[in-house]
Amino acid sequence: MAQLWGGRFTKETDQLVYHFNASITFDRRFFYQDVRGSIAHVTMLAAVGILTEEERDRMIHGLESIVDDVNAGTLEITEEYEDIHSFVEANLIDRIGEAGKKLHTGRSRNDQVALDMKLYVRDELSAIRDGLLRIMRVLHRLMKDNIDTYMPGFTHLQKAQPITFAHHIGAYMEMFKRDESRLHDIYERMNYCPLGAGALAGTTYPLDREMTAKLLGFYGPTLNSMDSVADRDYVIELLSACATIMTHLSRFSEEIILWNSNEYQFVELDDAYSTGSSIMPQKKNPDIAELVRGKTGRVYAALQSILTTMKGLPLAYNKDMQEDKEWTFDAIDTVKTCLTLFTGMLDTMTLRKDRMEESAKMGFTNATDAADYLVNHGVAFRDAHKIVGQLVLYCMERGMALEEIPLEELQAISPKFEADIYDAISLETCVNKRNTIGAPGQEAMKQVIRMNEKYLNEREGKWHE
Ligand code: ARG
């Protein structure tokens, strides 16, 4: 048992208590962030005269050697330590002796862990953002290639009106654009440094909090030391953004599963992204999409967990907050993996354009346009709706499409129909006459695709440092 405290205790900690309390098994993830924070802290301590330059250099060198040894595998982060902070400090003292004991001057584990969590979340925000940008690049390509790939658009999972594959994919593009902007908002709000808040009430040392903040790439220091150690809003926001990303991926998964089914056959997933059945030799299953849909639950659970942890906590730090980590790590890992796999699956799937177009033709998706045609020829919309409804029934009884009804038969139902009706209700016309921005028509789609291109190019590169 390696603990940073114990001076006021007369008994050893009970073994069960020790393990219940310890966090090393999961906060070892913060190793690099913890060292980075310590290097900034001692740099600042030397700048304000609390450490000598020589002490600072020995400490930084010691900290760097710990990182080297962990990277090389010669030093292991074991459960012998209570938490990652103890691991780093104990090893530093082992290596450089007395000077190492000054590492924690003007610092508490409360502001230290708040810093580590922030550094970690900040790194992960940008990693998740990279995942979103990668999936958006694939969506962008699919949109560019498919402005004339016709398919049915659905409401209530019933064929509604014809759209294009580009237009359908474009809906997800908008969702992921909003996700990216949400991550950016979180970054902007959270990017203030809690280090220097101490346990809760700041410190008596003349710390230069501006300097530490700057060294660590923050916009500046946080402005209330109690809030600094008690704030986990950014974790809530991150998990909320992750839950929303998973909602989008899960809805998309559901559609891929449907499209890949024997009934739809709109797409075929690549063999590398499908799995087989142990008993049914003919099967090729969309397990990746199903797992993404399935894993959405655990990310929602993480959000629920942090909200519940935080809701009753008095200021400032409480040990409950140690529970902010494991679910968050799991959610972040899940979102990143799901984004990566989903992107690969999309990038490699084959489109069955013939099947999509056939399906769009067979579901009376041009019925609204047939009614609009009558309206343009002087019929009131409600009457036009009724006439076309009768035509649909007529077709259903005969197993035909609206555009297959001969002109005389159309005219027998409404004399307003003329020879140009066939052009007016062709798939191409139905889609391409819809050209207000946001609609599936080619001109409108090209405009949006140009805007997306600009959007993606502007987002190349990092947010910070
Ligand atoms: N492991 C703790 C956590 O994750 C670090 C902070 C400990 N602070 C304390 N006062 N015991 O929250």
Side-chain angles (χ1 to χ4, degrees), residues 1-9 11-38 40-41 63 77-93 103-124 190 193-204 212 216 222 224-236 238-239 302 305-333:
M1 292 200 275
Q3 293 170 163
L4 297 173
W5 43 271
R8 63 97 78 200
F9 287 77
K11 270 189 182 175
E12 285 285 310
T13 319
D14 177 273
Q15 273 296 321
L16 279 177
V17 170
Y18 179 80
H19 289 292
F20 190 63
N21 192 50
S23 52
I24 187 81
T25 51
F26 46 90
D27 66 17
R28 49 187 298 161
R29 271 211 200 210
F30 289 156
F31 173 59
Y32 297 105
Q33 284 84 3
D34 200 75
V35 171
R36 199 178 158 199
S38 290
H41 184 61
L63 289 164
I77 304 173
T78 65
E79 289 184 39
E80 181 195 340
Y81 303 91
E82 181 189 343
D83 53 30
I84 194 64
H85 326 298
S86 320
F87 168 81
V88 173
E89 190 174 324
N91 273 281
L92 185 67
I93 295 168
L103 174 65
H104 213 49
T105 315
R107 191 173 72 171
S108 153
R109 276 185 297 170
N110 295 351
D111 59 347
Q112 190 176 358
V113 80
L115 171 70
D116 290 2
M117 188 71 176
K118 268 201 167 173
L119 288 174
Y120 177 80
V121 164
R122 197 175 68 175
D123 289 344
E124 294 300 333
M190 70 164 278
C193 185
L195 202 62
L200 77 162
T203 73
T204 53
T212 359
L216 293 166
T222 49
N224 180 289
S225 58
M226 293 188 61
D227 178 56
S228 307
V229 293
D231 169 33
R232 293 296 182 274
D233 286 5
Y234 60 97
V235 180
I236 295 173
L238 166 76
L239 293 178
S305 169
I306 186 73
L307 285 168
T308 312
T309 298
M310 297 308 293
K311 75 176 267 294
L313 295 187
L315 295 179
Y317 179 84
N318 299 268
K319 194 63 177 245
D320 315 44
M321 289 164 73
Q322 183 164 290
E323 286 297 308
D324 63 353
K325 295 175 193 59
E326 286 165 284
W327 288 91
T328 303
F329 297 159
D330 184 84
I332 289 171
D333 292 347

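Start at 1 and go down the list; that is how both ligands and their atoms are numbered. Because only heavy atoms are used, hydrogens play no part in the values below, and waters and symmetry mates are left out as well, while side chains stay in. Note that this is a predicted model, so its numbers are computed, not measured.
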Q: Which atoms form the tightest heavy-atom contact between L216 and L119, and what is the distance?
A: O-CD2, 4.3 Å
Q: If you define the side chain from C-beta out and look only at heavy atoms, does anything of T13 sit under 4.5 Å from E82?
A: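 T13 does not reach E82 side chain to side chain.
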Q: Please say whether the positively charged group of R29, taken as NZ for Lys or CZ for Arg, lies over the ring of F329, i.e. under 6.0 angstrom from the six-membered ring centre and within 45 degrees of the axis.
A: yes
Q: Once rounded to the nearest 0.5 Å, what's the spacing between atom CG of L239 and atom CH2 of W327?
A: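 Output value for this atom pair is 11.0 Å.
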Q: Could you tell me, for ligand 1, which of its N or O atoms are under 3.5 Å from any protein N or O, listing the pairs and their distances rounded to 0.1 Å?
A:
{"from": "ligand 1", "atom 1": "1 (N)", "to": "S23", "atom 2": "OG", "distance (Å)": "3.1"}
{"from": "ligand 1", "atom 1": "1 (N)", "to": "Q322", "atom 2": "OE1", "distance (Å)": "2.7"}
{"from": "ligand 1", "atom 1": "4 (O)", "to": "K325", "atom 2": "NZ", "distance (Å)": "2.5"}
{"from": "ligand 1", "atom 1": "8 (N)", "to": "N110", "atom 2": "OD1", "distance (Å)": "2.9"}
{"from": "ligand 1", "atom 1": "10 (N)", "to": "N110", "atom 2": "OD1", "distance (Å)": "3.0"}
{"from": "ligand 1", "atom 1": "12 (O)", "to": "Y317", "atom 2": "OH", "distance (Å)": "2.3"}

Q: If you measure from the Lys or Arg side-chain nitrogens to the Asp or Glu carboxylate oxygens, is any gap between D123 and R36 under 4.0 Å?
A: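 So D123 does not pair with R36 through a salt bridge.
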Q: So that I can tick it off, tell me whether E89 and R109 are bridged by a salt bridge, with the cut-off set at under 4.0 angstrom between side-chain N and carboxylate O.
A: no
